[in-house]
Amino acid sequence: MVSDIIHISKKDETSNDKALDLSRRVSLYKELSRRGMMHLRLLTEELLGMMRTVTGESDGQFWIEAEDDEYKLHLKVDTLINAKERKHLLSAATSGKNEASRTLMGRLSEFFFRGADEGIANFNNPLLASGASTGAALPVTDWEWSLAVSRNTLSPKVAAKDEAALEAWDELEKSVVTHVADDVKVYIKGGGTEVVLIKRMV
């Protein structure tokens, strides 16, 4: 089952409500338990939170896929702002930085909505690099990140007390998403960017 696609936009104040209503309708259609409904809504809210932290007027599409007991919540961005616009908008913050970027979803949001003219390599950090794979072509235009792969990659480094890995692991542990979703994936293909939250309802 693939749900309707909801257009998410800062210009449409009702779009967040429509996305939350979509989550509710999918939950009812699939006859999810109360707990399952809450998890689906929470993950929807996390994706909408990513959109709210966007610096710029990026629009996106939100939809849900459900196959058997696996649910995939998709957020795909139509446009990316350029680095100059991003810098100008971030300058409005007191610190001049994206304050949300110290959390898992904040880091993913900062990367996900990076400037259209900013290279993927600029955003490599222990958290994102640990679960990433790239296309073979240079410059890199295809990139994929997985929460599950990141956890597996970081685990032995955490056991060895690697400082960067410990910091990245701490970010994972503090994230609401990592305690609810079974996996988080970010896909970049050329100019297109998509994040998918995956939840298995058991």
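- Asp4 meets the side-chain hydrogen bond (donor to acceptor under 3.5 Å, both in side chains) test with no other residue; sequence neighbours excluded.
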query = Stepwise, does the side chain to side chain contact (heavy atoms under 4.5 Å, CB included) test hold for Met1 with Lys30?
reply = CA-CA 10 Å; Met1 178 216 91; Lys30 297 293 286 184; 4.3 Å; yes

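- Follow the hydrophobic side-chain contacts under 4.5 Å out from Ile5 and you never reach Phe62; the two are in separate clusters.
- Val26 approaches Ser3 most closely through the heavy-atom pair CG2-CB, 4.0 Å.
- Leu32 and Val2 fall into different hydrophobic clusters, where Ile, Leu, Val, Met, Phe, Trp and Tyr residues are linked whenever their side-chain heavy atoms come under 4.5 Å apart, directly or through other members.
- Side-chain contact check for Leu48 versus Leu20: some heavy-atom pair is nearer than 4.5 Å.
- A salt bridge is defined here as a Lys NZ or Arg NE, NH1 or NH2 lying under 4.0 Å from an Asp or Glu carboxylate O, and Lys18 with Asp21 fails to meet this definition.
- In terms of modelled atom types and a separation under 3.5 Å, the side chain of Asp183 and the main chain of Ile198 share no donor-acceptor contact.
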Return all side-chain donor-acceptor pairs below 3.5 angstrom for residues 68-75, not counting sequence neighbours, or 'none' if the list is empty.
| residue | atom | partner | partner atom | Å |
| --- | --- | --- | --- | --- |
| His74 | ND1 | Glu194 | OE2 | 2.6 |
| His74 | NE2 | Glu65 | OE2 | 2.8 |

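- Within the 3.5 Å criterion, the main-chain N or O of Asp17 finds no donor-acceptor partner in the side chain of Thr14.
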request  = Start with the C-alpha distance between Asp59 and His7, add both sets of side-chain angles, then the distance that settles side chain to side chain contact (heavy atoms under 4.5 Å, CB included), and finish with yes or no.
outcome  = CA-CA 7 Å; Asp59 291 350; His7 181 75; 3.4 Å; yes

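- Here the side chains of Glu45 and Leu42 are in contact, with some heavy-atom distance below 4.5 Å.
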